[in-house]
Number of protein chains: 2
Amino acid sequence: MTADYSSILEYVGRVITLSDQEKALFTSFLRYRKVRKRQYIVQQGAVCQHETFVVKGCFRAFYIDDHGKEYVVQFALENWWVADLRSFLTQTPADYYVEALENSEIIQIDFDSMEELYRQIPQFNTFFRILMQRAFIVLQQRIVSSYSKTAEERYLEFIKRYPQIEQRVPQYMIASYLGFTPEFLSRLRQQQTHRG
Amino acid sequence: MTADYSSILEYVGRVITLSDQEKALFTSFLRYRKVRKRQYIVQQGAVCQHETFVVKGCFRAFYIDDHGKEYVVQFALENWWVADLRSFLTQTPADYYVEALENSEIIQIDFDSMEELYRQIPQFNTFFRILMQRAFIVLQQRIVSSYSKTAEERYLEFIKRYPQIEQRVPQYMIASYLGFTPEFLSRLRQQQTHRG
DNA sequence: AGGTTTTCTTAACCTAGATCAAGCTGCTTT
DNA sequence: AAAGCAGCTTGATCTAGGTTAAGAAAACCT
């Protein structure tokens with residue numbers, strides 16, 4: 001298998017500057033993997049072993065409650081990261097599943113390598129600090145929007161902001177991500193087409 | 001005014017180790033301030049100039065929508081940070097207000113000092129990376145819980161997790177934080193007392 | 001200490017979105 | 001090409017929580 005790290009190097013390079021030596025060291029910590037549609041890369045109850053960078057394909061992280069209901073926590077497309085972060089950082093059992101929604105190619109780093117990476121190239125602290133700050137801001141907006149907007153407003157916002165996801169994942173997962181039922185989404189879409 | 005930085009040094013010291021020299025440099029970037037109850041330290045529409053660490057007192061960050069409705073985004077008690085992070089990082093107008101709910105004492109750092117701090121003591125990248133990771137995890141849990149649990153469940157969870165906040169802030173702000181109305185919270189509390 | 005403002009409660013009525021159930025469409029798989 | 005499943009739609013009915021309005025109780029001045 002060809003392990004092509006150019007995408008992640010390009011991505012990292014947009015935030016921090018690495019020497020060729022550092023790039024080589026960095027990629028030595030990484031593992032390139034292909035996973036097939038419907039395959040899980042994290043399972044509820046098992047420790048999340050890796051941070052995952054999506055090179056190609058699509059994933060969702062989701063939670064299943066006591067009644068067996070699914071809640072989509074996050075989608076991840078090309079150039080996004082996905083993991084059960086709490087599980088990964090504390091090395092304790094995961095709350096979420098992470099599932100491939102398409103045949104995908106990913107780059108993974110495990111916990112020990114991550115620690116080593118921070119030690120050997122401290123700049124990665126800056127990189128992940130910035131990444132986390134951005135992710136935090138987006139989540140905060142998501143909460144406010146879930147409380148201040150109607151289901152319809154959130155749906156329209158979503159398809160505007162993430163048109164690619166709209167195209168690639170089943171509607172019922174989008175409904176779940178936005179916090180309502182597939183039936184209700186179906187009704188919203190009905191209305192949309194009968195207007196526009 | 002006595003600028004006592006021991007609380008923030010202790011707090012930072014739990015995550016990273018600083019030399020006495022670094023501690024001195026760090027505190028040289030900080031500003032100690034007292035603010036009175038009802039005072040705003042960030043205003044919607046104005047650039048958020050500082051990251052704020054709460055030494056003593058209590059704050060809330062909140063959003064006001066087009067209809068004039070308030071949504072509490074975050075509370076901050078002793079040893080918590082508060083800001084409109086997006087506004088601070090991008091130095092653009094804030095979405096949220098941050099208001100003192102009690103007479104409070106805070107430690108602030110402005111944008112340029114922050115940049116300088118990261119440059120001169122790179123360890124602070126580690127510090128804020130870890131801080132943000134923790135904050136991210138909490139927010140993700142808050143979203144899942146807002147979709148998977150009833151108002152009552154979220155309320156009980158909240159008072160169990162943050163008993164201090166329950167005591168110190170008006171009920172209607174807690175209702176707002178949890179995503180429902182004060183009237184409904186009142187009903188919940190009624191039921192509670194008529195049971196337990 | 002009395003008046004004002006803020007917060008909390010109660011009650012009647014209302015609605016966004018849920019639930020349940022059934023049928024439809026279109027992929028896969030053999 | 002048939003069968004089977006996964007995803008989407010539609011309709012009837014239901015409910016958690018919202019809204020409006022008014023009064024009660026604290027808290028906060030001066």
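Just so we're on the same page: letters track the sequence lines, and every chain starts at 1.
- With rounding to whole Å, Lys69(B) atom NZ is found 15 Å from dG17(D) atom P.
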Practice problem: Classify every nucleotide of nucleotides 20-30 of chain D by which part a protein heavy atom approaches to under 4.0 Å, writing B for the base, S for the sugar-phosphate alone and - for neither, in 5'-to-3' order. | Solution: BB------S--
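- The side-chain hydrogen bond (donor to acceptor under 3.5 Å, both in side chains) test applied to Ser113(B) returns Asp110(B), not counting sequence neighbours.
- Using five terminal pairs a side, the axes of the helix from dA1(C)-dT30(D) to dT30(C)-dA1(D) at its two ends make an angle of 60°, given in steps of 10 degrees.
- Look at Ser186(A) and you won't find any side-chain N or O under 4.0 angstrom from OP1 or OP2 of dC8(D).
- For Phe180(A) and dG17(D), the CZ to C1' distance is 18 Å, given to the nearest whole Å.
- Between Leu185(B) atom CG and dA16(D) atom P the separation is 17 Å, expressed in whole Å.
- Taking every heavy atom of residues 145-177 of chain A and every atom of DNA chain C, pairs under 4.0 Å involve Thr150(A), Ala151(A), by number.
- One atom, CG of Leu188(A), and another, P of dT9(D), lie 11 Å apart when rounded to the nearest Å.
- Neither OP1 nor OP2 of dG17(C) sits under 4.0 Å from any side-chain N or O of Thr181(A).
- Residues meeting the side-chain contact (heavy atoms from CB on, under 4.5 Å) test with Glu105(A), sequence neighbours left out: Tyr32(A), Lys34(A), Val55(A), Lys56(A).
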What pairs of donor and acceptor atoms, side-chain ones from residues 171-178 of chain A against any protein atom, are under 3.5 angstrom apart with sequence neighbours left out?
| unit_1 | atom_1 | unit_2 | atom_2 | d |
| --- | --- | --- | --- | --- |
| Gln171(A) | OE1 | Arg189(A) | NH1 | 3.4 |
| Gln171(A) | NE2 | Glu166(A) | OE2 | 3.2 |
| Ser176(A) | OG | Glu70(A) | O | 3.4 |
| Ser176(A) | OG | Val72(A) | N | 2.8 |

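- Phosphate contact (OP1/OP2 of dC8(D), side-chain N/O of Arg189(A), threshold under 4.0 Å): absent.
- Listed by chain and number, the residues in a salt bridge (Lys or Arg N to Asp or Glu O under 4.0 Å) with Glu99(A) are Arg60(A) (sequence neighbours excluded).
- Thr126(B) and Asn125(A) share a donor-acceptor pair across their side chains, judged by distance under 3.5 Å alone.
- Rounded to whole Å, the distance from CD on Gln191(A) to C1' on dC8(D) is 16 Å.
- Among residues at least two apart or in separate chains, there is no salt bridge (charged side-chain N to carboxylate O under 4.0 Å, His left out) pair with a member in residues 21-31 of chain B.
- The salt bridge (charged side-chain N to carboxylate O under 4.0 Å, His left out) analysis of residues 139-150 of chain B, with sequence neighbours excluded, yields the pairs Lys149(B)-Glu157(B).
- Residue pairs meeting the salt bridge (charged side-chain N to carboxylate O under 4.0 Å, His left out) criterion with at least one partner in residues 71-83 of chain B, sequence neighbours excluded, are Glu78(B)-Arg168(B).
- Across the protein-nucleic acid pair, Gln190(B) atom CD and dA16(D) atom P stand 17 Å apart, rounded to whole Å.
- Using a 4.5 Å heavy-atom cutoff, the side chains of Gln140(B) and Val73(A) are in contact.
- Within the 4.0 angstrom heavy-atom criterion, base atoms lie near Phe184(B).
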Taking only distance into account, with no hydrogens and no angle test, what donor-acceptor pairs under 3.5 Å do side-chain atoms of residues 82-91 of chain B form with protein atoms, sequence neighbours excluded?
| unit_1 | atom_1 | unit_2 | atom_2 | d |
| --- | --- | --- | --- | --- |
| Asp84(B) | OD1 | Arg86(B) | N | 3.4 |
| Asp84(B) | OD1 | Ser87(B) | N | 3.1 |
| Asp84(B) | OD2 | Asp95(B) | N | 2.8 |
| Asp84(B) | OD2 | Tyr96(B) | N | 3.0 |
| Arg86(B) | NE | Asp95(B) | OD2 | 3.1 |
| Arg86(B) | NH1 | Thr92(B) | OG1 | 2.8 |
| Arg86(B) | NH2 | Pro93(B) | O | 2.8 |
| Arg86(B) | NH2 | Asp95(B) | OD1 | 3.4 |
| Arg86(B) | NH2 | Asp95(B) | OD2 | 3.1 |
| Ser87(B) | OG | Cys48(B) | N | 2.8 |
| Ser87(B) | OG | Thr92(B) | O | 2.6 |
| Thr90(B) | OG1 | Arg86(B) | O | 2.6 |
| Thr90(B) | OG1 | Thr92(B) | OG1 | 2.6 |
| Gln91(B) | NE2 | Phe88(B) | O | 2.7 |

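- Counting only residues at least two apart or in different chains, salt bridge (charged side-chain N to carboxylate O under 4.0 Å, His left out) contacts with residues 5-21 of chain A comprise Glu10(A)-Arg14(A).
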